[in-house]
Amino acid sequence: MEVIIKANYDEISLEAANYVKRLVQNKPNCVLGLATGSTPLGLYKELIRMHREEGLDFSKVYTFNLDEYYGIPHSHEQSYHTFMQENLFQHINVQPERIHVPSGTAEDVKAFCQWYEDEIKRLGGIDLQILGIGRDGHIAFNEPGSSLGSRTRIKTLTQETIEDNARFFGSKDLVPRYAVTMGVGTIFEAKEIILLANGANKAETIAKAVEGPVTAQVTASILQLHPNTIFLLDEAAASKLERNDYYKWVYENKPRHT
Ligand code: GLP
């Protein structure tokens, strides 16, 4: 586990985009795991810029999104399908048939979830998973209490998550109560993971996820056991980490052979 602390949001977005760029250049048919929420927006803007100005080619890339609200149509303006189209997919040359976003309308949810899991495996697994973090420490929509071994499934959202997302829907009564989400176990199998967090309102959650015990009550804490995870944080999000100075020291003194 590596903790990288950058001065501000723009810097973490740029750093994350450079990781994606290197992967796409080295493995053009790589499998990217993508996240929604406001946190990865800067990363997506930078990837769009790299595509337009530097010709970064996404034509062979596969994508899998973490989650989708259950019970709203994909065309809904707040669906994660719409979010991804508007904020990334329609601006780069990723092929529509290579894009995967969980269905929020599947009638047989269980069968859909199994298909999603099988599809990830069939394409060789996720090479790089991008994550944000909810205030309650969730990754994707794996709310507190989610099994650390869970797979893609339907999940009931917490009141806190519903309140956090009410700003997008206009009122908390309009926020769906359920989501289809990759499980903690699904995410854990990604070969590389970058969790992005910015802002002081994430500081306490980040301290729990990085330095607290590994627990299903903070599902991001499982990443402490992952061999290839980076927590990419701005100063504000890192402000409650006890070993803040050490993480910076490690980053500044990285051995050349790694
Ligand atoms: C939702 C998503 C998560 C995301 C979280 C944080 O709950 N399911 O994947 O990490 O929001 O959102 P934000 O980045 O807006 O703080």
Side-chain angles (χ1 to χ4, degrees), residues 8-10 12-13 16-17 32-46 63-72 74 76-84 86-88 100-104 113 116 126 128-146 150 152-169 172 174-184 186-188 190 193-210 218-223 229-234 236-238:
N8 53 44
Y9 178 66
D10 287 350
I12 63 170
S13 301
L32 290 179
L34 300 175
T36 50
S38 45
T39 309
L41 282 175
L43 156 65
Y44 296 156
K45 278 206 183 97
E46 185 56 27
T63 69
F64 283 89
N65 263 78
L66 289 168
D67 47 14
E68 176 59 286
Y69 291 111
Y70 187 76
I72 55 172
H74 298 168
H76 190 289
E77 58 172 6
Q78 291 304 333
S79 79
Y80 285 169
H81 278 78
T82 303
F83 178 98
M84 289 308 300
E86 287 180 351
N87 292 298
L88 184 64
H100 305 78
V101 181
S103 172
C113 292
Y116 206 70
I126 291 170
L128 173 62
Q129 177 66 58
I130 302 295
L131 295 175
I133 187 167
R135 265 197 314 138
D136 60 11
H138 69 225
I139 46 177
F141 269 131
N142 292 289
E143 299 286 35
S146 294
S150 52
T152 304
R153 70 211 181 291
I154 190 161
K155 190 75 202 157
T156 308
L157 305 181
T158 61
Q159 304 261 21
E160 192 178 13
T161 298
I162 289 172
E163 276 158 26
D164 279 352
N165 288 300
R167 66 187 195 277
F168 301 115
F169 287 83
K172 68 176 186 183
L174 298 175
V175 182
R177 296 292 180 259
Y178 307 99
V180 173
T181 179
M182 273 190 209
V184 182
T186 322
I187 294 167
F188 194 78
I193 296 176
I194 297 178
L195 185 145
L196 296 163
N198 67 292
N201 65 334
K202 295 284 174 73
E204 216 162 290
T205 312
I206 284 296
K208 285 185 193 158
V210 176
V218 180
T219 52
S221 65
I222 188 73
L223 301 176
T229 283
I230 298 172
F231 282 85
L232 189 42
L233 314 171
D234 74 350

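Whatever order the structure lists them in is the order used to number ligands and atoms, beginning at 1.
In this structure, the protein non-hydrogen atom closest to atom 14 (O) of ligand 1 is Thr39 OG1, 2.5 Å. When only non-hydrogen protein atoms are considered, atom 4 (C) of ligand 1 lies nearest to Thr36 O, 4.0 Å. Scanning the protein heavy atoms around atom 15 (O) of ligand 1, the nearest turns out to be Ser38 OG, 2.6 Å. Remark: minimum distance from atom 8 (N) of ligand 1 to any protein heavy atom is reached at Asp67 OD2, 2.7 Å. Atom 12 (O) of ligand 1 has Gly37 CA, 3.9 Å as its closest protein atom, hydrogens excluded (heavy atom only). In terms of protein heavy-atom proximity, atom 3 (C) of ligand 1 is closest to Ala140 O, 3.5 Å. Remark: minimum distance from atom 11 (O) of ligand 1 to any protein heavy atom is reached at His138 NE2, 4.3 Å. Nearest protein neighbour of atom 16 (O) of ligand 1, counting heavy atoms only, is Lys202 NZ, 2.7 Å.
Set against the non-hydrogen atoms of Arg167, the atoms of ligand 1 under 4.0 Å away are 15 (O). Contact atoms of ligand 1 toward Gly132: 10 (O) (distance under 4.0 Å to a heavy atom of the residue).
Using a 4.0 Å cut-off between heavy atoms, Tyr80 contacts ligand 1 through its side chain alone, with no backbone atom that close. At a heavy-atom distance under 4.0 Å, only backbone atoms of Ile133 (N, CA, C or O) approach ligand 1. Contacts with ligand 1 closer than 4.0 Å are made by no heavy atom of Ala179, backbone or side chain. The residue Ala35 has no part lying near ligand 1, judged by heavy-atom distances below 4.0 Å. Neither the backbone nor the side chain of Glu143 comes within contact range of ligand 1; no heavy atom lies under 4.0 Å. Heavy atoms of Arg135 found under 4.0 angstrom from ligand 1: none, in either backbone or side chain.
The distance from atom CD1 of Ile154 to atom CG of Asp67, rounded to the nearest 0.5 Å, is 12.5 Å. Rounding to the nearest 0.5 Å places CG of Asp234 at 10.0 Å from CG of Leu196.
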Check against side chain to side chain contact (heavy atoms under 4.5 Å, CB included), Leu157 and Glu143 | CA-CA 7 Å; Leu157 305 181; Glu143 299 286 35; 3.9 Å; yes
Verdict with supporting geometry, Thr158 and Arg135, side-chain hydrogen bond (donor to acceptor under 3.5 Å, both in side chains) | CA-CA 11 Å; Thr158 61; Arg135 265 197 314 138; over 6 Å; no
Would you check, one step at a time, whether the test side chain to side chain contact (heavy atoms under 4.5 Å, CB included) holds for Arg153 with Asn142?
-> CA-CA 10 Å; Arg153 70 211 181 291; Asn142 292 289; 2.9 Å; yes
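Panel note: side chain Tyr116, backbone His100; a donor-acceptor pair is recorded below 3.5 Å. Judged by distance alone, the side chain of Ser79 and the main-chain N or O of His74 form a donor-acceptor pair under 3.5 Å. A donor-acceptor pair under 3.5 Å is absent between the side-chain atoms of Asn65 and the main chain of Pro102, judged by distance alone.
Using a 30° and 60° split on the angle between ring planes, Tyr44 and Phe83 fall in the perpendicular class, above 60°.
In this structure, Tyr69 has its ring center under 6.0 Å from that of Phe141.
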